[in-house]
Amino acid sequence: MVVLTRVVAQGTFDILHPGHLHYLREAASFGSELHVIVARRENITHKDPPIVPDRQRQAMVEALDPVDEARLGHTEDIFVPIERIDPDVIVLGHDQHHDEAAIADALAIRGIDCTVERASALESTDDERLLSTGQIIDRILEQRC
Ligand SMILES: Cc1cc2nc3c(=O)[nH]c(=O)nc-3n(C[C@H](O)[C@H](O)[C@H](O)COP(=O)(O)O)c2cc1C
Ligand SMILES: Nc1ncnc2c1ncn2[C@@H]1O[C@H](COP(=O)(O)OP(=O)(O)OP(=O)(O)O)[C@@H](O)[C@H]1O
């Protein structure tokens, strides 16, 4: 019998880059199905809002090879999609501003049996890759303005 292990990853995914692929491939390695929650613009208050519209960010993430399904997150309650997906593992990004223990407590309160992991960072070596949306936008501003 095949046991499906559902994994959740999440983020803004404004302008896609190799760091996103690294994160999503690592998240996918924790199970058999990767579900991605794409943050809604109105919920992105911890940094500049995304340039790319919500639906376009969701469509681009869903097209990536490691991703089985991508959805826009809930407008108010971040646990609504979690309750619908019912994941076995949530993988936080290396720099995501969420505390594993706090997420784990919130899952336990809701009776959701799911572990919380933290992905690693794809660090820039000496090559030319741009490994954050911020870097890409800075490069555009430098070279196009
Ligand atoms: C478990 C979990 C569930 C989330 N659910 C939602 C959601 O339903 N709606 C949403 O807009 N953002 C959701 N988010 C994304 C957060 O709103 C936040 O923007 C994101 O984690 C920050 O990622 P980034 O700074 O790496 O882009 C969720 C995050 C986590 C960790
Ligand atoms: N270089 C990277 N290595 C590993 N994971 C990354 C990297 N860049 C982004 N991620 C992960 O991808 C997810 C989405 O991140 P996000 O969409 O905020 O991209 P970002 O490039 O970090 O954006 P910004 O530069 O605006 O912070 C997060 O979980 C984040 O940790």
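Everything numeric here is computed off the predicted structure, so don't read it as measured data. Order of listing sets the numbers, starting from 1, for every ligand and every atom in it. Index from 1, following the sequence.
Shortest contact from atom 3 (N) of ligand 2 to any protein heavy atom: L122 N, 2.8 Å. Ranking the protein heavy atoms by distance from atom 25 (O) of ligand 2 puts G134 N, 2.9 Å first. Nearest to atom 14 (C) of ligand 2 among the protein's heavy atoms is H20 CD2, 3.7 Å. Of the protein's non-hydrogen atoms, the one nearest atom 8 (N) of ligand 2 is H17 CE1, 3.2 Å. Closest protein heavy atom to atom 22 (O) of ligand 2: D95 OD2, 4.0 Å. The nearest protein atom to atom 18 (O) of ligand 2, hydrogens excluded, is given as K47 NZ, 2.4 Å; this is a heavy-atom distance. Closest to atom 2 (C) of ligand 2, if we only count protein heavy atoms, is G19 CA, 3.5 Å. Nearest to atom 28 (C) of ligand 2 among the protein's heavy atoms is Q96 NE2, 3.5 Å.
Each of V67, V7, L64, V8 was checked for a side-chain contact (heavy atoms from CB on, under 4.5 Å) with V36, and the lone residue meeting it is V67.
With sequence neighbours left out, R84 forms a salt bridge (Lys or Arg N to Asp or Glu O under 4.0 Å) with no residue at all.
Side chain of E26 to main chain of S120: a donor-acceptor pair is present (N/O by atom type, distance under 3.5 Å, no hydrogens or angles).
Hydrophobic cluster membership of L4, counting Ile, Leu, Val, Met, Phe, Trp and Tyr whose side-chain heavy atoms lie under 4.5 Å apart directly or via other members: V2. Using a 4.5 Å cut-off between side-chain heavy atoms of Ile, Leu, Val, Met, Phe, Trp and Tyr, L122 falls into a hydrophobic cluster with L131.
Ligand 2 places these atoms under 4.0 Å from at least one heavy atom of G93: 29 (O), 31 (O). With ligand atoms numbered from 1 in the order given, ligand 2 contributes 17 (O) to contacts under 4.0 Å with heavy atoms of T12.
Heavy-atom distances between S120 and ligand 2 reach below 4.0 Å in at least one pair. In this structure, Q135 falls outside the shell of residues with a heavy atom less than 4.0 angstrom from ligand 2. For E26, the closest heavy-atom approach to ligand 2 does not fall below 4.0 Å.
Enclosure of atom CG in D113 is not indicated, since only 12 or fewer non-hydrogen atoms of other residues, nucleotides or ligands lie within 6.0 angstrom.
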Which pairs of N or O atoms, one from ligand 1 and one from the protein, are separated by less than 3.5 Å, and what is the distance for each pair?
from	atom 1	to	atom 2	distance (Å)
ligand 1	5 (N)	I78	O	3.2
ligand 1	8 (O)	H74	N	2.7
ligand 1	9 (N)	H74	N	3.2
ligand 1	9 (N)	H74	O	2.9
ligand 1	11 (O)	R40	N	2.9
ligand 1	11 (O)	N43	ND2	2.6
ligand 1	21 (O)	H98	NE2	2.7
ligand 1	23 (O)	Q96	NE2	3.1
ligand 1	25 (O)	H46	NE2	2.7
ligand 1	25 (O)	K47	NZ	3.4
ligand 1	26 (O)	Q96	NE2	3.1
ligand 1	27 (O)	T12	N	2.8
ligand 1	27 (O)	T12	OG1	2.5
ligand 1	27 (O)	K47	NZ	3.3

